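Chain identifiers are assigned alphabetically (A, B, ...) following the order of the sequence lines, protein sequences preceding nucleic acid strands; residue numbering begins at 1 within each chain. Source: prediction; values computed, not measured.
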There are 2 protein chains.
Amino acid sequence: MTRVLIVDDDPGLARALAINLRARKYDVDVAGSGADALKLAARTQPDAVILDLGLPDIDGTEVVAGLRGWTTTPILVLSARQDQADKVAALDAGADDYITKPFGMDELLARLRAALRRAARSPVEAPLVVTASFTIDLAAKRVTRDGKDIRLTPTEWHLLELLARSPGRLLTQRELLREVWGPAAERESQYLRVYIGTLRRKLEPAPSAPRHLITEPGMGYRLER
Amino acid sequence: MTRVLIVDDDPGLARALAINLRARKYDVDVAGSGADALKLAARTQPDAVILDLGLPDIDGTEVVAGLRGWTTTPILVLSARQDQADKVAALDAGADDYITKPFGMDELLARLRAALRRAARSPVEAPLVVTASFTIDLAAKRVTRDGKDIRLTPTEWHLLELLARSPGRLLTQRELLREVWGPAAERESQYLRVYIGTLRRKLEPAPSAPRHLITEPGMGYRLER
DNA sequence: CAGCGGCGTCAAGGTGCCGTCAAGATCTCT
DNA sequence: AGAGATCTTGACGGCACCTTGACGCCGCTG
């Protein structure tokens with residue numbers, strides 16, 4: 001199912017859009033402010049964003065720029081302003097389309113289809129987790145440090161992959177052990193100590209003073225960017 | 001240099017567009033009719049097409065469809081018609097944007113930049129994978145080494161093709177086995193060992209110290225450029 | 001201050017994976 | 001139908017990886 005994030009502070013318009021999109025089998029999330037939009041987008045990973053420029057908190061182009069910092073998902077901007085300068089600013093900030101109100105629903109849907117079609121052609125971009133010391137390419141299953149490949153054993157990779165899938169989040173020892181070694185090994189925290197150790201030696205600039213593979217004593221581990 | 005094809009039967013507008021684009025360092029070709037446009041596009045391989053819908057010979061959406069038959073280059077449609085149905089038709093035929101006249105030059109340029117930006121993210125269809133030791137032509141199904149053809153058996157080719165489709169990416173044993181030998185053979189990693197071995201003997205300068213067909217122990221294989 | 005639990009490190013042993021070879025089975029093309 | 005190429009399968013040596021035990025350090029707690 002295609003997931004669309006609607007960002008609009010006008011509840012009426014947002015609802016109308018949502019109803020229309022849901023009727024066409026899109027998954028719809030709605031955010032009422034720029035801050036909400038950025039948070040929701042990170043969580044829901046939308047396939048497209050429909051963004052009304054007239055937001056109460058953050059300037060619309062700021063939202064575009066904020067999204068573009070980490071995602072290439074298509075952004076369709078809605079605006080009441082006809083001014084060319086606004087359009088240029090939004091488009092150059094990274095928006096894919098700019099639609100002036102009032103607009104027809106059919107046109108919006110067609111433009112959404114066009115944007116999704118284009119996006120579908122580009123490959124899923126490499127999910128890269130970049131830290132100050134090393135880079136993890138989850139799709140290629142590859143870790144580089146100073147431009148050079150770091151070889152990881154399957155278990156090392158599996159463990160690192162889990163941490164990298166939720167950067168910044170604390171993963172408990174139980175979670176990690178269950179994922180990597182299976183439910184039977186939930187108490188074998190020694191495994192974790194050994195493998196976190198080898199990962200630190202391979203990845204950390206100063207393995208004895210880790211900056212990225214952080215221990216939360218008594219709890220678990222966390223990958224800090 | 002970015003190459004843009006302008007399709008417009010109004011010489012005045014075409015000239016104005018061409019001048020503006022050339023001033024911004026685009027390479028510009030101009031076609032005055034739909035037939036010309038299709039011919040020129042094939043010859044010049046434009047990075048984007050600006051297409052006026054009001055053509056004398058062919059209907060504009062036909063031109064869009066004709067282009068879309070063989071290229072994914074961005075198409076920006078210009079039209080005097082405000083009608084939603086026209087926009088929907090053109091967009092669904094494969095156009096990337098629809099701009100109604102009169103329009104501002106700045107807006108057009110911004111929309112062109114947006115379209116080019118997105119297109120740049122899709123990879124150029126590269127049927128050639130070149131390594132330091134050999135070259136794989138995916139379209140022609142050929143491998144050459146030092147200018148000479150290397151004969152591969154069907155299975156060898158199938159396996160190499162998979163690796164070459166995502167150069168640098170680690171493909172797991174399961175993925176490779178499933179693709180080449182079918183889901184029933186997902187555990188037959190012996191097949192892989194044998195065939196990777198023959199590929200190395202045929203392609204690697206030093207088969208016992210492979211530089212390109214890399215084993216990631218316990219995980220899979222990777223084609224390194 | 002002593003005891004304890006959690007953590008990090010190291011090293012050794014065993015085992016499972018990988019590369020290689022070769023022979024038999026099967027397929028393909030003439 | 002036959003020859004040659006290709007695929008499958010088994011055996012085996014070597015090596016990298018996983019597991020496991022031992023030990024020291026640190027911080028917390030009584």
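Using a 4.0 Å cut-off, no side-chain N or O of B:Ser208 falls inside it from OP1 or OP2 of C:dG19. At the phosphate of D:dT20, OP1 or OP2 sits under 4.0 Å from a side-chain N or O atom of A:Tyr191. At the phosphate of C:dC18, OP1 or OP2 sits under 4.0 Å from a side-chain N or O atom of B:Arg193. Between B:Arg151 and D:dT6, a side-chain N or O to OP1/OP2 separation shorter than 4.0 Å is present. Within the structure, a side-chain polar atom (N or O) of A:Arg201 is placed less than 4.0 Å from OP1 or OP2 of C:dC10. In terms of phosphate contacts, A:Trp181 brings a side-chain nitrogen or oxygen within less than 4.0 Å of OP1 or OP2 of D:dT19. Taking 4.0 angstrom as the limit, B:Gln190 places none of its side-chain polar atoms (N or O) nearer than this to OP1 or OP2 of D:dA11. Close to D:dC7, at under 4.0 Å from its OP1 or OP2, lies a side-chain N or O of B:Thr155. Contact annotation: B:Tyr195 does not reach the phosphate of D:dT6 (side-chain N/O to OP1 or OP2, under 4.0 Å). Within the 4.0 Å cut-off from OP1 or OP2 of D:dC18, at least one side-chain nitrogen or oxygen of A:Thr153 is found.
Classified by interplanar angle (parallel below 30°, tilted 30° to 60°, perpendicular above 60°), the ring pair B:His212/B:Phe134 is perpendicular.
Comparing atom distances between the B:Pro154 side chain and each of D:dT6, C:dG8, D:dT9 picks out D:dT6 as nearest.
In this structure, CG of A:Leu199 is placed 13 Å from P of D:dC17, rounded to the nearest angstrom. Rounded to an integer number of Å, the gap from B:Glu188 CD to C:dC17 P is 14 Å. Distance, A:Glu204 CD to C:dT9 C1': 16 Å, rounded to whole Å. The separation between B:Leu213 atom CG and C:dT20 atom P is 12 Å, rounded to whole Å. Atom pair B:Arg187:CZ and C:dC17:P shows a separation of 11 Å (rounding to whole Å applied). Counting to the nearest Å, the C1' atom of D:dT8 and the NE2 atom of B:His158 are 18 Å from each other. B:Glu216 has its CD atom 19 Å from the P atom of D:dC15, to the nearest Å. The distance from atom CG of A:Leu159 to atom P of C:dG8 is 12 Å, rounded to the nearest whole Å.
Remark on DNA chain C: of its neighbouring residues B:Arg200 and A:Leu192, the 5'-side contact belongs to A:Leu192, judged by nearest-heavy-atom nucleotide. Comparing B:Pro217 and B:Leu152, the nucleotide of DNA chain D nearest to each residue sits closer to the 5' end for B:Leu152.
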For this session: Please assess A:Thr215 against A:Arg200 for the test side chain to side chain donor-acceptor pair (under 3.5 Å), listing each intermediate value before the final yes or no.
Result: CA-CA 11 Å; A:Thr215 305; A:Arg200 280 179 182 147; 2.6 Å; yes
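Using a 4.0 Å heavy-atom distance criterion, A:Glu156 is classed as making no nucleic acid contact. Residue contacts for B:Gln173: at a heavy-atom cut-off of 4.0 Å it reaches the sugar-phosphate backbone alone, with no base atom in range. Among the atoms of the strands shown, only primed sugar atoms or phosphate atoms (P, OP1, OP2) are found under 4.0 Å from some heavy atom of A:Thr215.
With A:Val7 as reference, A:Leu55 is the one residue of A:Leu55, A:Leu40, A:Leu67 to meet the side-chain contact (heavy atoms from CB on, under 4.5 Å) rule.
Atom OH in A:Tyr221 sits 14.0 Å away from atom CD in A:Glu175 (nearest 0.5 Å). To the nearest 0.5 Å, the span separating CG on B:Leu213 from CG on B:Leu223 amounts to 6.0 Å.
The shortest side-chain heavy-atom distance between A:Asp29 and A:Arg3 falls under the 4.5 Å cut-off.
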